[in-house]
Amino acid sequence: MTDLLLSQIKAGGESQFGTDEYVVNLGPQHPATHGVLRLVVKLDGETVKETMPVLGYLHRSIEKICENRTYPQCITYTDRVDYVSAMSVNLAFALATERLMGLEAPPRAQWLRMVFVELQRIASHLLWMGAFAGDIGALTPFLYGLRERERILDLFEMTCGQRLTYNYIRIGGVMIDILPEFVPKCRAFLDYFETKVPEYEGLLTYNPIFLERTKGVGVITPEVGINSGVCGPSLRGSGVSCDVRKQQPYLFYDQVKFKECLATDGDCWSRYRVRMDEMRESVSIIRQCLDRLEPGPIETKLPPVLKAPPASEIYSRIESSRGEMGIYLVGDGTAKPYKAKFRCASFSNTFVLDQLTRGWKVADIMAVLGSLDMIVPEVDR
Amino acid sequence: MITGEQILKTVSGLLHQGLAAAGVSFLAPVVDRVAAAVAMFLGISVFVMFLVWMERKVSAHMQSRIGPNRVGIFGLLQTVADAIKLTIKEDIKPVKRDKVPYYIAPIIAFVATFMGMVVIPFDRGVSVQDLNIGILYVIAITGFTVIAILSAGWSSNNKFALLGGFRSAAQIVSYEVPLVLSVIPIIMVTGTLNLSAIVEYQAAHGYWFTNPLYAIPVLVSFLIFITSATAEANRAPFDIPEAESELIGGFHTEYSGVKFAMFFLGEYIAVIVSASVAVTVFLGGWLPPLPMLGFIPGFVWFMVKLVVVIYFVMAFRWTFPRLRVDQLMAFGWKVLIPIAILNLLLMGVVELFLAKGA
């Protein structure tokens, strides 16, 4: 009997007493994935063995749609690429088209674009801060962030009538001039906002539990970051200078004073630090832009049908709230782009996740995912 | 001056008269117990509803929101509306559930915590059962919730629920230890496990915090107790078994309707029980804060202290992020337990050489 049992055990080998991996699907419907991102996670108890992002649940084929729309029509679709930072994508596409066709927006429009894009950056980082804190389990900062974001959205609504998808930055300028009361209201907001940043910092930055959860967690070393194509604040958290506003200035970023926010450690806390500092820098950029805003036209005269030169191509990039936002356009002499490609920061930041979470706990996936600041429509497009 | 004991005597006197008039006075002990249980159940249910409302208002206040204000005055009936909604909701059950533990789990979760209320003295002489091993009983019976959570996690046949159940088992077992260790210094001084007797000791010798010898060890004990009790009740920042951003609903992911309501109720009752024990053991129970305020009945003071303690537990929840599972264990075993043991030693030294010698 015993021999039989022993032989069975030997024959069965490991499989008889082997253990299985615990495969959990985080998403597509899950409270922490900020939309419909799906992560297939292999677990050993609580420890993560592998994280595999599965994409495509929000694929809307925006790049293909753009091939069948005229250039001005495409701007409307760019809003949907990154709904939390729609102004940035508007700007990226408008700039790419302008460069492709050799157009330039008048100075007032350029300053206005800077004001709106930086306001958008603050709004986006505020939402990120709330969502990140929520991922870690602190629910209160979310509402603090939204409280101030609301005032930014009010400013946007006052100008272009929209609160989420603005379609405000157009090819050759902006949609409409700001109202006379915009500048004082914007300044009032900036003063108010500066008093609120210490509030968020007080709630999170040196909170011992927050430090425990973020310090040393999900470290992106500069090499890993560059090799995986991480960009934007996530890479600046590792101390790598990669701000397009500094490296390849567009609009009038070479005429305003601001510093590129860098941190050294590359962990979740450093990425948090970078984004908090960027909000302060944005405030100073907006102030400088408002100072230099002068009356003038807000858009250049465009031909009735906007056509790209034949066999032309352009890769134009800006620093969106999430990192490098590149637009690659190929023109074929018609009014529609032959090919439009969006190089989105969220997409390139997603794939470092596996390297960062291996060997860590389930809860760290959420912290790392939150700190990378991804927006699923931007990943899937 | 009116006391809780007088009210209790009057009510039970009326009951007994009624029974005698009906000629069934031999039923009196049974009727007493049943009446106490029913009163307890109703009282606790109403109090939980108040607490849920309070939690919403507290969180709303902390998050610069308004909170519920539509149903009833100040939104007080919002929880009633929610309770009705939960009871008439469709009961969704996973097909491959493990039937028996699936149904028993919410009942255990509710009953185990509710039983803890039985020995709490609300006023002098007012408790359902004045048990001589009160503290031991409370800690033992509320420890049963781990069975409920583990079987809920197992029987739901859901991976998130199972993870939540495992986390909870580890957590509750770990935090039971500092919880007990934090109460022992008090037992050492008072020499009793009876909750009423501990309050009577404080009535005779003054509040712990007014005595310079005891103030420090008791304060440490109190902080450890509140921390461990928060962890025992699975509340943030120790809510890892139901960590929303990781495990969706944790062990109660697959529960809906009344069964979910029982888990929910159980969590709040666990908070009430822990806070009641904290108030009784550390803050003098039904005693008025100043002797001249003694004209206000004891149970009012008890409730005031209870709500204050619960307010702090709520404030924790809406302020702090959540700990990770290994950090939670490390915090329990490497921080709380050593401090609790050292504190026990300190109390022993104080009691042996200073208090008794003086």
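- The local environment of OH in B:Tyr311 is sparse, with at most 12 non-hydrogen atoms from other residues, nucleotides or ligands closer than 6.0 Å.
- The CG atom of A:Leu26 lies 5.0 Å from the CZ atom of B:Phe160; values are rounded to the nearest 0.5 Å.
- The number of heavy atoms from other shown groups lying within 6.0 Å of NZ (A:Lys185) does not exceed 12.
- How far CZ of B:Phe331 is from CD1 of A:Ile209: 8.0 Å, rounded to the nearest 0.5 Å.
- Within a 6.0 Å radius of CZ in B:Phe312, no more than 12 heavy atoms belonging to other residues, nucleotides or ligands are found.
- For A:Val41, no part sits under 4.5 Å from any heavy atom of chain B, backbone or side chain.
- No more than 12 heavy atoms of other residues, nucleotides or ligands lie within 6.0 Å of CZ in B:Phe74, so this atom counts as exposed by the packing criterion.
- The local environment of CG in B:Leu219 is crowded, with over 12 non-hydrogen atoms from other residues, nucleotides or ligands closer than 6.0 Å.
- Distance check: B:Met62 CE to A:Leu143 CG gives 11.5 Å after rounding to the nearest 0.5 Å.
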side-chain contact (heavy atoms from CB on, under 4.5 Å) between A:Val362 and B:Arg167, worked out: CA-CA 12 Å; A:Val362 188; B:Arg167 284 181 176 193; 4.0 Å; yes

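- Using a 4.5 Å cut-off between heavy atoms, A:Phe210 contacts chain B through both its backbone and its side chain.
- Between the A:Thr140 side chain and the B:Thr319 main chain, no donor and acceptor come within less than 3.5 Å of each other.
- Ion pairing of A:Glu46 with B:Arg324 is absent here, as no side-chain N (NZ or NE/NH1/NH2) approaches a carboxylate O to less than 4.0 Å.
- Nearest heavy-atom pair across A:Tyr22 and B:Leu163 is CE2-CG, 3.9 Å.
- Distance CD/B:Gln63 to CZ/A:Arg147: 11.0 Å, rounded to 0.5 Å.
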From CA spacing to verdict: side-chain contact (heavy atoms from CB on, under 4.5 Å), B:Lys159, A:Asn25: CA-CA 9 Å; B:Lys159 290 178 175 178; A:Asn25 274 299; over 6 Å; no

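- If you take CG on A:Leu203 and CZ on B:Phe320, they are separated by 9.5 Å, rounding to the nearest 0.5 Å.
- Looking at A:Leu43, the atoms closer than 4.5 Å to chain B (heavy atoms on both sides) all sit in the side chain, from C-beta outward.
- For A:Tyr57, the OH atom sits in a packed shell: over 12 heavy atoms of surrounding residues, nucleotides or ligands are nearer than 6.0 Å.
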Trace of the side-chain contact (heavy atoms from CB on, under 4.5 Å) decision for A:Trp360 with B:Asp326: CA-CA 10 Å; A:Trp360 292 82; B:Asp326 55 325; over 6 Å; no

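- Contact record, B:Arg322 with A:Arg213: O-NH1, 2.7 Å, taken as the closest heavy-atom pair.
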